[in-house]
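Each ligand, and each atom within it, is numbered from 1 in the order the structure gives.
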Amino acid sequence: MTRAQRYDDPAVRKVLDALPTGVLVDGAWRPAAGGTFAVDDPATGAELARVADAGPAEAMAALDAATAAQASWGETAPRERADLLRAAYDATLARRDEFAVLMTLEMGKPLAEAHAELDYAVDFLRWFSEEAVRIDGDYVRAPNGRGRLLVTSRPVGPCLLITPWNFPLAMATRKIAPALAAGCTAVLKPAELTPLTTLLFTQLLVELGLPAGVLNVLTTTDPGALTRPLLADGRIRKLSFTGSTEVGKVLLAQCADKVVRTSMELGGNAPLLVFADADLDAAVDGAVMAKMRNMGEACTASNRLYVAREVAEEFGRRLADRLGGMRLGHGLDEGTQVGPLIDRPSLEKVTTLVDDAVHRGARVLTGGRPAGPEGGWFFQPTVLADVSTDARVMREEVFGPVAPVVPFDTEEEAVRWANDTEYGLVAYVFTESLERGLRVSEALEVGMVGLNQGIVSNAAAPFGGVKESGIGREGGRAGIREFLDTKYVAVPR
Ligand code: NAD
C-alpha cells in the first residue's frame, strides 16, 4: 500500500479530520500559546496531526477550571456520575472502529490489538460506573460503648492524571473513570507520543454532557514545565501517574512539598517461570501473549524467562518457532501481527540490549536485528538462549519484542532470580502443580501473578506493583478508593 493510499483511506481520513487538536480547558477547546507539535505514525514516520503545545499558562487555567468545578461535581448524585460513565462505555463501543484505527495509527499496534485494548479500556468505564454508586461508609458503636463512629468518604479533590504512550485509551480510562466516579475533577496530561486517542475520547465525553471544568486536557512537548507548577500550587490534591520509574521518582519528590496523595503505576521487568511439570503448550502460548502484546512495550511484558533446565531447550525452540513466524508490518494491514516500536530511541535501546546479551554469550534463536518495513521503527521478534544473568537485558526494562531464556536448576534458584530486581509489578508462573503454583506465587515479590496464563489485566482486579513498580492500585474495588479521602466523625450518644 502506498503512503497516499494509506492516509487517504476514508476510514483513516474520517478519524483524523474530525480530531480536536487544541487543549480542553473549562469545557472549551482552545489553541495553546506555545503553538503546535506533530504526532507521527511510528510505522512510517508520516505526520498524522498537529496538536496544541501547552505550557504553564494553560496548566494554571486548567487548574483554575478544575478547582472551580470541584465542589459542584463532588456534590452530583452518584447515579448521575455513573450514568455519564455508562454512556461513555456505550458510545466508545459504538465508535470502536474509529478508536481502534486511531490507536493503531499513533501507537503502531496491530489493529486486532487495538480492538483488544478498546475492550479492556471501556471495561473501566463500565466497572467504575458501577462502583460510583457503591461508595460505602460505616456507622458503628464505639468499643467502649460511649458514642458512635461515623465513617464516610469524600472525593480527594482536583487530580493531576498523567498517562504513558503505550496504551493510549486504556491508561486514560483507567484514571478518568475512577476519578470522575469518586467525584473528583481532573487535569489530564496524555503522553506526547500518542495524545490523539485521549483527545478523541475527551471529545466524546464532552458530547455526552461532561460539565465544563470537570476534565481538562493538556498536550505538551515539555511535560515537566507543565506539571511542576501544578504540583507546587497546593490545589492539586492527588497525582495519578503511569509511566517510567525514573519519572515517577521525580514526581514523587515534587509531591512531597504539598503532601499530594499519589498513585504510581511504574515500570516492570516481569519474570516468567516455567517449571518442568508445566504444560509446555500453555507455557509457550502464555509466553507469546505476555511477551508480544503491544510488541513487548508493556509494563507487564515478560522480560526474563526462567525455564527448568530439563525443558529449556525445547521451550526455547518452540518459542522461537512462534516468534520467528510472526508477520511484521503496518498495524492497519491485514495479517500484521507485530507493529513498530514507538520511536528511534526505543529501537536503539532494544538493539543495544540484544547486542550486549550476545556479546556476553547469548545465542540468538530467532530475530536479533532491526527490521525494515516502510522505514518505521521495527525490531524482529527475538528469542535469546543461554543468556547470562548479568546481561543488561535481564536487569533493564527492554520494552521490545525480546525474550531472553535462562535455564534454572531448582525452584529456590528460579524464585531468587525472579526477585533479584528493583521492580515488582507482575510475574508469570507455569506449573501443573497447584501446590507449587501457590507456593511460588506467594514467594514472588510482585503485586500480580499470572498463574498458567500470560495476561493479568482485568478492570475488576487490583492492578499495581510493589517495590519500585509503584504505589497504589488501579481497577477493582481498590481503584476508586485511590480517589477518596476517609472522613471520620465522632458522634456522642
Ligand atoms: P515516561 O515516564 O517517559 O512518561 C510517562 C508520562 O510522564 C508521559 O505522559 C510523559 O509526558 C510524562 N512525563 C515525562 N517526564 C515528565 C516530567 N519530568 N514531569 C511530568 N511528567 C513527565 O514513560 P513512557 O515512556 O510514556 O511509558 C513507558 C513506561 O511506563 C514504562 O516504564 C512502563 O513500564 C510504564 N508503564 C507502567 C504501567 C503500569 O501500570 N505500571 C502501565 C503502562 C506503562
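Looking at Arg369 and Asp355, a side-chain N of the basic residue comes within less than 4.0 Å of a carboxylate O on the acidic one, giving a salt bridge. Ion pairing between a basic and an acidic side chain is recognised when a charged N comes within 4.0 Å of a carboxylate O; Arg174 and Glu474 show such pairing.
At a heavy-atom cutoff of 4.0 Å, ligand 1 is surrounded by Ile162, Thr163, Pro164, Trp165, Asn166, Met171, Arg174, Lys189, Pro190, Ala191, Glu192, Pro223, Gly224, Thr227, Phe241, Thr242, Gly243, Ser244, Val247, Leu251, Glu265, Leu266, Gly267, Gly268, Cys299, Glu397, Phe399, Leu425, Phe463.
Partners of Ala461 by side-chain contact (heavy atoms from CB on, under 4.5 Å), not counting sequence neighbours, listed by chain and number: Asn458.
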Could you pull out every donor-acceptor pair under 3.5 Å between side chains of residues 258-267 and any protein atom, sequence neighbours left out?
| unit_1 | atom_1 | unit_2 | atom_2 | d |
| --- | --- | --- | --- | --- |
| Arg261 | NH1 | Leu484 | O | 2.6 |
| Arg261 | NH1 | Asp485 | OD1 | 2.9 |
| Arg261 | NH2 | Arg481 | O | 3.2 |
| Arg261 | NH2 | Glu482 | O | 3.3 |
| Ser263 | OG | Lys238 | NZ | 2.5 |
| Ser263 | OG | Glu482 | OE1 | 2.4 |

Please tabulate, one pair per line, all N/O donor-acceptor pairs under 3.5 Å involving side-chain atoms of residues 223-230, not counting sequence neighbours.
| unit_1 | atom_1 | unit_2 | atom_2 | d |
| --- | --- | --- | --- | --- |
| Thr227 | OG1 | Pro223 | O | 3.1 |

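Note that Arg473 lies outside the cation-pi zone of Phe463, set by a 6.0 Å cut-off to the ring centre and a 45° limit from the axis.
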